[in-house]
Each structure stands twice: as C-alpha cells, then as structure tokens.
Amino acid sequence: MTATETEAAAGRDFIRDIVAADLDAKRVAGVVTRFPPEPNGYLHIGHAKSICLNFGIAQEFGGRCHLRFDDTNPTKEEQEYIDAIENDVRWLGFDWGEHLYHASDYFERLYEWAEHLIRAGKAYVDDSSPEEMRRLRGTLTEPGQESPFRSRGVAENLDLFRRMRAGEFPNGARVLRAKIDMAAGNINLRDPALYRILHAEHPRTGTKWCIYPTYDFAHGQSDAIEGITHSICTLEFEDHRPLYDWLLENLPVPSRPRQYEFARLNITYTVLSKRVLTQLVQQGHVSGWDDPRMPTLAGLRRRGVPAAALREFVRRVGVARANSVVDLALFESTIREHLNKAAPRRLAVLRPLKLVIENYPEGATEELAAINHPEDPAAGTRKLPFGRELYVERDDFMENPPKKFFRLSPGREVRLRFAYFVTCREAVKNAAGEVVELRCTYDPATRGGNAPDGRKVQGTIHWVAAAHAVPAEVRLYNTLFARPDPGARGDIMADLNPNSLEVLKDALVEPALAADTTDGPVQFERQGYFCRDRDSRPGRPVFNRTVGLRDSWAKTQAGG
RNA sequence: UGGGGGAUCGUCUAACGGUAGGACAGCGGACUCUGACUCCGCCAGUCUAGGUUCGAAUCCUAGUCCCCCAGCCA
C-alpha cells in the first residue's frame with residue numbers, strides 16, 4: 001500500500017471505532033485480528049472485504065493479523081484450496097509474517113478442553129441419531145426436549161468420549177454435546193454439538209484423528225490461543241456469539257477475545273455464494289475458479305483487475321451492520337480509475353473492416369508518432385506504421401447514420417488517430433449486401449492529425465495498418481448473471497447470462513502489442529482496458545477485457 | 001406465535017442532541033486528436049405515528065418492513 005492509501009483507509013467505521021476505544025481505554029494492549037478461511041474453495045471478492053478489514057485494522061492500529069485456516073471438516077477441505085488462499089491473500093497485498101496457523105494445530109488442546117467440560121458436567125456424549133437429535137431440538141417457536149443421554153455421569157461420558165477418539169464407533173454413532181439449555185430461544189444454545197465422528201483423512205493431520213471439533217468448539221478457542229483481541233466475522237454468526245462467549249467462560253483459555261459482526265458484501269449481477277461458485281465450476285459454466293468472469297480473486301486477477309483497485313473498492317463500500325447490495329458500477333468505476341492512470345494506450349481493431357485510401361501511393365509505408373499516455377508525457381511515444389490499406393472498427397462506419405454520429409459514413413471526413421484526415425467515398429458491398437470495404441481519400445496535408453487550414457472533424461477513430469497488424473484473439477466479458485439479483489426468483493442457474501463471454505478471433509492489433517509480452521494493463525483506445533491472457537502464443541496474443549471505457553455514445557443510442 | 005439483528009438520496013456510506021455530507025449512478029454543460037480522462041453545475045434521503053427537547057437521523061413509546069437461526073457445515 002502507498003502512504004496515501006493507508007491514510008485514506010483509516011476512514012472510520014463502527015468496528016474501527018470499537019478498536020480505537022478499546023485501545024484508548026487500555027482494555028487491550030494491542031490489536032490482534034485474524035482472517036480465518038475454511039479451505040473448501042477459492043477466495044472471492046467478499047473475502048477481500050474481510051481480508052482488508054482484518055489486515056487493514058492491524059496495520060492502522062499497529063497490531064498484527066493472523067492467517068488461520070479453519071480446517072475442522074476434512075470431508076470438505078483440500079490442499080489445493082490452502083495453497084490458492086495463501087497465494088490470493090498475498091496478491092491482494094497482505095502479509096501475515098510468521099503468523100500462519102490452522103485450527104488443526106490446536107486439535108490436541110481442544111480435545112483436552114472437551115474433557116475439561118465433561119469433568120465439569122458441562123458436556124455429554126449423546127448416542128441419539130441425527131434424526132432423533134433434530135426431533136428433540138424443537139423448532140423456532142417450540143422449545144427442545146432433553147436427550148435421554150443428557151444425564152449420563154461424568155465417568156461414562158469420559159469413557160465414551162475417549163472411545164470415540166480411539167475409533168471404536170462409526171461416523172454418526174455418537175456426538176459430544178455441550179450441556180446448556182434445551183429451552184433456549186437461541187437454538188445454538190440447545191446443547192450444540194462439539195465433536196463429531198468423522199473417519200476421514202485430514203490434509204494436515206492425516207488419519208491421526210477420527211473425531212473433529214465443530215466450528216463452534218474450535219473458533220473461539222483458537223482465537224483465545226492466538227491472543228486475538230477482535231474476532232471479526234459476518235452477520236450470520238451473530239447467533240453464535242452467546243455460544244462463543246459461553247465456551248470461553250467455561251474453559252481455561254489463555255485470553256478473552258470478543259466477536260464483532262459486520263454485513264457481508266453483495267454486488268449486483270454477482271453471486272458470492274461458495275456453494276454456487278463451486279457449482280459453476282463443476283458444471284462447466286465457467287472454465288475454472290480463475291475464469292475471468294468469476295468473482296474469485298483468481299478470476300479477477302486473470303481478468304486484469306489491479307489488487308489496489310480491489311482494496312480501494314472495499315474501502316469505498318465501507319463496513320456496517322445493515323445488509324446491502326453494492327452497485328457493480330462502483331466496482332467498475334474504481335477499476336477504471338486505477339487503470340486510467342496505469343495503462344499505456346494502444347490501437348486495436350476488434351471487428352475489422354477494410355479501408356483503402358485510393359490516393360495514397362501503392363506500396364508506400366510511413367511511420368507516425370503516437371503518444372503512449374495522454375496524461376503522462378514521461379510515458380513517451382511509439383511509432384505506428386501506416387499504409388494504403390488499413391482496418392478500422394466496423395462500428396465506426398454507418399451507411400445511414402443517425403444524428404450526432406461523428407464517425408465514418410459516405411462523404412464524411414474523420415481523423416484517423418495520430419495519422420490523417422480521411423473522407424469516405426464509397427462503401428463496397430458483397431453479394432449479400434454487406435459492407436466489406438471502404439474506399440476513401442486522404443488529405444496529405446493533415447499528417448499527424450491536424451489540418452493546416454484549421455478545419456475540424458467531429459470524430460477521431462482508431463485503426464491498424466493491414467501490412468503490419470498482428471492477428472489476436474480478444475475475449476470480452478459480461479456479467480455471469482443476466483439479472484442484478486441472481487436467484488431472487490428461485491433457480492439461480494436460470495439467471496445465467498448466455499452472453500457472458502464473447503470471443504473475437506479476428507481482431508487486429510498494432511505491432512507494439514505483439515512485441516510487448518509483459519503482464520501490465522493496456523488501454524485499447526476508445527474501447528477499454530485489457531490484459532494479456534496466459535493463453536497467448538508467440539504471434540498470437542490473447543487479450544482479456546478487464547472493463548470497457550465509459551461510453552456515453554452507446555448510452556445515448558440505447559436510450560434513444 | 002420463539003431468539004437475534006437492521007432500516008439515511010436510485011445504490012453504498014457519513015453524522016455520536018446543534019447547518020443531513022461524500023462516493024457511485026443519473027441529468028446538463030465546458031474541454032478534447034480516445035463520444036475516454038478532467039472540470040463545472042444539477043438532481044436526490046433520515047421507514048411510519050406520537051412524545052421528550054430551545055433543537056432529534058441521533059433519546060423515549062407504539063407500529064411497519066427487511067435479514068439471520070431449527071447441520072454431527074463454516
């Protein structure tokens with residue numbers, strides 16, 4: 001982060017207010033936060049909010065932030081996800097230093113604490129089937145009933161729990177439960193499960209364990225072990241806070257963290273449900289977790305979104321307790337702002353239409369100077385080859401243009417960016433009546449783009465020289481979902497956008513784009529920001545559109 | 001009908017009993033060798049009804065609407 005960004009990120013929200021107050025009142029000596037993902041999928045932009053919050057607070061208040069994998073359910077977790085998560089957090093710009101932890105690091109201690117609870121008469125082994133437990137739990141409006149196993153003695157509970165650990169029972173046969181209150185209005189307090197039997201191989205502990213702590217039994221204690229002061233999570237865990245507190249109060253934990261909840265991020269046209277994202281990958285609706293249409297950090301990275309833009313977006317969104325849905329336009333605006341400053345400009349024709357300059361000498365070639373960045377003279381210039389045959393954008397010609405159309409049409413003069421004024425004399429059509437070529441004339445006196453007689457043109461269009469253009473593939477991305485509120489009407493897959501990907505295989509780009517194989521962003525003038533995809537091959541670059549330029553002409557047309 | 005939360009411009013978010021502000025979106029204009037960028041202007045909000053107060057988005061009362069919870073998921 002730059003200094004200014006760090007400063008800007010110090011903007012206040014209710015959580016930072018709490019941290020500041022705790023520090024002021026010396027309730028805590030220093031702030032310690034943590035980002036605790038479960039390694040059962042890839043990180044997405046919703047996680048970015050949590051990452052920026054936790055790591056950001058640690059930075060701003062001079063504390064530290066841990067990366068902790070909440071790996072308590074080996075049936076869902078994989079090493080691939082662990083590796084991807086570490087990579088993504090680093091890419092986002094954060095560093096956990098020495099503080100990389102796993103809930104599984106604490107399995108032995110958690111087990112001891114479970115026995116502690118049993119000895120204190122506050123936990124018991126229940127032989128009920130899952131169905132029976134559900135039946136006795138009651139409903140939202142009716143209290144639950146006590147299990148017949150609730151009154152088991154300490155010795156029997158201890159024996160049974162040890163035999164659970166020893167692997168004497170099959171999955172689901174028994175469970176360790178906290179003894180709290182089956183009549184509690186908060187269902188999480190109706191004797192929640194603490195340990196379940198899972199004969200499964202864990203990515204880190206292998207087959208050492210066949211019983212695993214639940215989220216509730218692992219999370220708060222892990223926080224306490226690490227000395228976390230502010231345990232920040234999303235709103236749906238609000239109901240778990242009483243249980244979080246109950247466990248910390250009934251166990252000999254080394255510290256006393258506090259949980260605070262904030263509203264998770266939602267964005268229009270976007271789905272941030274790990275379940276649905278997994279489904280998109282598994283059913284082949286996207287090419288993988290890093291498909292540039294995915295809201296995953298891997299997808300956004302491949303799409304060309306700068307990490308700094310992601311951080312800035314999260315900052316602009318803010319942190320509150322009210323559920324909300326952020327306009328995708330805010331994200332796009334933030335991306336453009338960053339890319340506008342960073343991206344050198346280039347000319348690329350996405351949907352080529354041949355243009356022949358009849359009065360330009362056959363076989364002649366010349367080079368014209370083009371600036372690389374209009375707002376940054378230090379970016380310098382480059383040479384653009386020019387010739388009698390060019391390609392221009394199909395959209396830049398209309399045989400019968402509407403009012404205010406400032407581009408090419410029969411008889412109209414426009415400027416070719418950095419080159420000459422040309423006037424369209426004729427549109428050549430094929431048998432099907434489609435325009436296949438434009439015959440034009442140019443004014444040699446306008447070399448460089450200005451007329452000595454001072455006359456103006458209303459439009460400037462981009463182009464490439466036929467003899468020097470490099471063929472390229474360009475991938476245009478639209479939202480994965482066609483509706484701003486995917487799934488709101490039931491079947492979320494029914495809301496998939498059939499036009500989320502448009503592949504242009506016949507694009508032509510200026511030579512400089514083929515020569516440069518670095519990874520930085522680039523602006524195709526008048527079109528948008530692009531980045532080179534890893535599918536690029538020598539002589540055949542592939543570009544992803546990160547985001548289009550604002551297009552008030554298109555808006556006018558659509559509106560009119 | 002249980003428990004826990006939340007309501008401020010179209011959207012997100014400030015305000016901490018004292019001028020309801022910012023950003024995005026939208027609209028209009030200036031500038032322009034990108035219909036981009038930039039700049040200027042405009043539009044627009046405290047869920048409702050009472051109450052306390054010199055003064056209420058903020059405090060009180062009563063409503064309304066929205067979200068979360070009945071995994072041996074996290």
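Just so it is clear: chains get the letters A, B, ... in the order the sequence lines come, proteins before strands, and each one is counted from 1. Since the model is a prediction, treat every value here as computed from it, not as a measurement.
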Q: So which nucleotide from B:rA23, B:rA7, B:rA70 ends up closest to the side chain of A:Ala322?
A: B:rA7
Q: Think A:Lys555 has a side-chain N or O under 4.0 angstrom from the OP1 or OP2 of B:rA25?
A: no
Q: Side chain of A:Asn171, base of B:rC72: donor and acceptor closer than 3.5 Å?
A: no
Q: When you measure from the side chain of A:Asn73, which nucleotide among B:rA74, B:rC72, B:rG10 comes out closest?
A: B:rA74
Q: Taking only the P atom of each, what is the distance from B:rA44 to B:rU61 in whole angstrom?
A: 35 Å
Q: Ignoring hydrogens and geometry beyond distance, is the side chain of A:Arg407 in donor-acceptor contact with the base of B:rG35 at under 3.5 Å?
A: yes
Q: Sticking with atom P, work out how far B:rU58 lies from B:rU48, rounded to a whole angstrom.
A: 11 Å
Q: How far, in whole Å, is B:rC24 from B:rU64 if one measures between their C1' atoms?
A: 30 Å
Q: For B:rC43 versus B:rG10, give the span between their P atoms, rounded off to a whole number of Å.
A: 14 Å
Q: Can you tell me which stems RNA chain B forms when a stem means 3 or more consecutive Watson-Crick or G-U pairs under 3.5 Å?
A: B:2-7 with B:64-69, B:10-13 with B:21-24, B:26-30 with B:38-42, B:47-51 with B:59-63
Q: Can you tell me if the side-chain N/O atoms of A:Arg137 get under 4.0 Å from OP1 or OP2 in B:rA70?
A: no
Q: Side-chain N or O of A:Arg275 less than 4.0 angstrom from OP1 or OP2 on B:rA74?
A: no
Q: Quick one: which of B:rU13, B:rG71, B:rG6 gets closest to the side chain of A:Ser324?
A: B:rU13
Q: Using OP1 and OP2 only, check whether a side-chain N or O of A:Arg526 sits under 4.0 Å from B:rG35.
A: yes
Q: Give a yes/no on whether any side-chain N or O of A:Ser552 is located under 4.0 angstrom from OP1 or OP2 of B:rA36.
A: yes
Q: Nearest of B:rG5, B:rU34, B:rA25 to any side-chain atom of A:Ser333?
A: B:rA25
Q: Nearest-nucleotide wise, let me know which of A:Lys49 and A:His219 is further upstream toward the 5' end of RNA chain B.
A: A:Lys49
Q: Considering only the P atoms, how many Å lie between B:rG55 and B:rG2, rounded to the nearest integer?
A: 38 Å
Q: Considering only the C1' atoms, how many Å lie between B:rC9 and B:rA14, rounded to the nearest integer?
A: 13 Å
Q: Please determine whether a side-chain nitrogen or oxygen atom of A:Thr72 lies at a distance below 4.0 Å from atom OP1 or OP2 of B:rA74.
A: yes
Q: Using the C1' atom on both, measure B:rC37 against B:rA74 and round to a whole Å.
A: 45 Å
Q: With ring centroids as reference points, do A:Tyr442 and A:Phe421 lie under 6.0 angstrom apart?
A: no
Q: Using the rule for Phe, Tyr, His and the six-membered ring of Trp, do A:Trp553 and B:rG35 stack at under 5.5 Å and under 30°?
A: yes
Q: Check the interface with nucleotides 37-41 of chain B: list each N/O to N/O pair with the protein under 3.5 Å, or write none.
A:
unit_1, atom_1, unit_2, atom_2, d
B:rC37, OP2, A:Arg550, NH1, 3.4
B:rC37, O2', A:Asn340, ND2, 3.1
B:rC37, O2', A:Glu375, OE2, 2.6

Q: Salt bridge check, A:Arg346 against A:Glu525: does any charged N sit closer than 4.0 Å to a carboxylate O?
A: no
Q: For A:Lys456 and B:rG35, give me the distance from atom NZ to atom P, rounded to whole Å.
A: 15 Å
Q: Report yes if a side-chain nitrogen or oxygen of A:Thr214 is closer than 4.0 Å to either non-bridging phosphate oxygen (OP1 or OP2) of B:rG71; otherwise report no.
A: no
Q: Polar atoms only, N or O, under 3.5 Å: list the protein pairs with nucleotides 67-69 of chain B and their distances.
A:
unit_1, atom_1, unit_2, atom_2, d
B:rC67, O2', A:Asn323, OD1, 3.4

Q: Between B:rA56 and B:rC69, how far apart are the C1' atoms? Round to whole Å, please.
A: 34 Å
Q: Any donor-acceptor pair under 3.5 Å linking the side-chain atoms of A:Gln523 with those of A:Tyr529?
A: yes
Q: Is the ring pair A:Phe331/A:Phe313 parallel, tilted or perpendicular, if the boundaries are 30 and 60 degrees?
A: tilted
